[in-house]
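As a basis for the values below, the full set of heavy atoms in this structure was taken, side chains included, without hydrogen atoms, waters or symmetry mates. Starting from 1, each residue takes its place in the sequence as its number.
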Amino acid sequence: MSFLLFGVTTLHLIILIVLFVATLDNSWWVFSEEETVNLWYDCLLDNNTGVWLCSSVSNNEWFHAVQALMVLAVLFSSFSFMLFMCQLYTMERGGLFYATGVFQILASLAVFSGAVIYATHVTEFHPNREKTGYFGHCFVLAWVAFPLSMLSGIMYIHLRKRE
């Protein structure tokens with residue numbers, strides 16, 4: 001039982017780290033090796049000084065939806081982890097972790113929605129730019145976080161507390 005508890009906790013912490021990196025790091029869309037866009041800033045590498053020059057990103061409503069959904073995914077997953085720890089020590093024997101699983105599934109749906117919106121509207125987010133580029137590692141991490149958090153939520157729903 002302790003091995004299962006360690007595995008579930010480790011999986012949840014990995015999901016939290018992946019969500020934090022996907023939300024806060026600087027590579028959702030890459031125009032070139034010197035120019036990346038994240039959810040918060042549009043950054044360009046100055047070759048002369050080696051410093052990143054950043055400006056705020058698009059004011060598009062869809063872009064703000066992606067920002068909000070990614071922040072919600074982090075919040076839902078964080079709350080789910082805190083709730084799991086509380087339930088672990090306060091729940092009676094035989095209880096199920098329904099609330100923890102529901103919040104983890106909500107986090108999964110939020111990151112899924114954010115990634116889908118970003119993928120379908122990426123050209124609208126940067127209208128004054130060339131149409132070339134590719135999705136960065138943060139976008140990929142968001143897609144990795146989706147099935148992991150969904151799986152974690154389903155595991156929590158089926159997980160029963162034992163002594």
Side-chain angles (χ1 to χ4, degrees), residues 4 6-45 52-85 87 96-159:
L4 177 65
F6 177 75
V8 169
T9 305
T10 303
L11 176 64
H12 200 125
L13 289 174
I14 289 170
I15 292 167
L16 271 172
I17 290 168
V18 167
L19 281 173
F20 271 110
V21 171
T23 304
L24 299 175
D25 203 11
N26 65 349
S27 181
W28 271 69
W29 186 257
V30 179
F31 289 106
S32 66
E33 293 302 319
E34 291 84 29
E35 191 172 7
T36 62
V37 177
N38 65 12
L39 292 181
W40 312 105
Y41 294 105
D42 183 0
C43 297
L44 176 67
L45 179 64
W52 286 93
L53 306 171
C54 297
S55 62
S56 43
V57 199
S58 174
N59 286 328
N60 186 303
E61 292 84 14
W62 287 110
F63 196 79
H64 291 301
V66 173
Q67 290 174 328
L69 286 166
M70 289 305 294
V71 169
L72 269 177
V74 170
L75 291 175
F76 281 146
S77 189
S78 299
F79 182 71
S80 175
F81 184 71
M82 290 185 290
L83 188 60
F84 173 65
M85 287 298 145
Q87 286 180 325
L96 295 169
F97 295 92
Y98 284 130
T100 301
V102 166
F103 277 103
Q104 193 67 358
I105 290 172
L106 285 174
S108 175
L109 294 175
V111 73
F112 173 75
S113 301
V116 166
I117 290 171
Y118 193 87
T120 56
H121 295 281
V122 70
T123 56
E124 297 172 24
F125 298 153
H126 318 291
N128 300 330
R129 294 285 181 64
E130 58 189 62
K131 300 295 182 201
T132 61
Y134 54 93
F135 293 106
H137 69 272
C138 292
F139 180 78
V140 173
L141 286 177
W143 277 110
V144 167
F146 160 63
L148 287 178
S149 56
M150 181 64 79
L151 175 72
S152 173
I154 292 169
M155 283 177 23
Y156 279 127
I157 288 175
H158 291 291
L159 190 63

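Taking the six-membered ring for Trp and thresholds of 30 and 60 degrees, F135 and W29 have ring planes more than 60 degrees apart, a perpendicular arrangement. Aromatic ring orientation, Y118 versus F139: tilted (interplanar angle from 30° to 60°). Taking the six-membered ring for Trp and thresholds of 30 and 60 degrees, F79 and F103 have ring planes more than 60 degrees apart, a perpendicular arrangement.
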* side chain to side chain contact (heavy atoms under 4.5 Å, CB included) between F76 and L109: does it pass, once the steps are laid out? -> CA-CA 10 Å; F76 281 146; L109 294 175; over 6 Å; no
* Step by step, would you call L4 with L159 a side chain to side chain contact (heavy atoms under 4.5 Å, CB included)? -> CA-CA 10 Å; L4 177 65; L159 190 63; 3.6 Å; yes
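F112 and W143 have their aromatic ring centers within a separation under 6.0 angstrom.
Looking at heavy atoms from C-beta onward, L19 lies in side-chain contact with V111 at the 4.5 angstrom threshold. For the pair S78 and L16, the minimum side-chain heavy-atom distance is below 4.5 Å. Between E124 and W62, the closest side-chain pair of non-hydrogen atoms falls below 4.5 Å. Residues F81 and I15 form no side-chain contact, since every pair of their non-hydrogen atoms from C-beta on lies 4.5 Å or further apart. Annotation: side chain of Y156 is not in contact with side chain of I105 (no heavy-atom distance under 4.5 Å). Between H121 and N60, every side-chain heavy-atom pair lies at or beyond the 4.5 Å cut-off. Between F97 and I157 there is no side-chain heavy-atom pair separated by less than 4.5 Å. At a threshold of 4.5 Å between non-hydrogen side-chain atoms, the residues M155 and Q104 do not count as touching.
Atom CG of L141 is separated from atom CG of L148 by 10.5 Å, given to the nearest 0.5 angstrom. Here NE2 of H12 is found 9.5 Å from CE of M82. Values are rounded to the nearest 0.5 Å. Residue S152 holds its OG atom at 10.5 Å from CD1 of I14, rounded to the nearest 0.5 Å.
Nearest heavy-atom pair across L69 and G114 is CD1-N, 3.6 Å. Across I117 and T120, no two heavy atoms sit closer than the pair O-OG1, 3.1 Å. The heavy-atom pair separating W28 from A22 by the smallest distance is NE1-O, 2.5 Å. Closest approach of L83 and A99 over heavy atoms only: CD2-CB, 3.4 Å.
Checked by atom type and distance alone, the side chain of S149 pairs as donor or acceptor with a backbone atom of F146 at under 3.5 Å. Checking side-chain atoms of W40 against main-chain N and O of Q67 turns up no donor-acceptor pair under 3.5 Å. A donor-acceptor pair under 3.5 Å is absent between the side-chain atoms of S77 and the main chain of A73, judged by distance alone.
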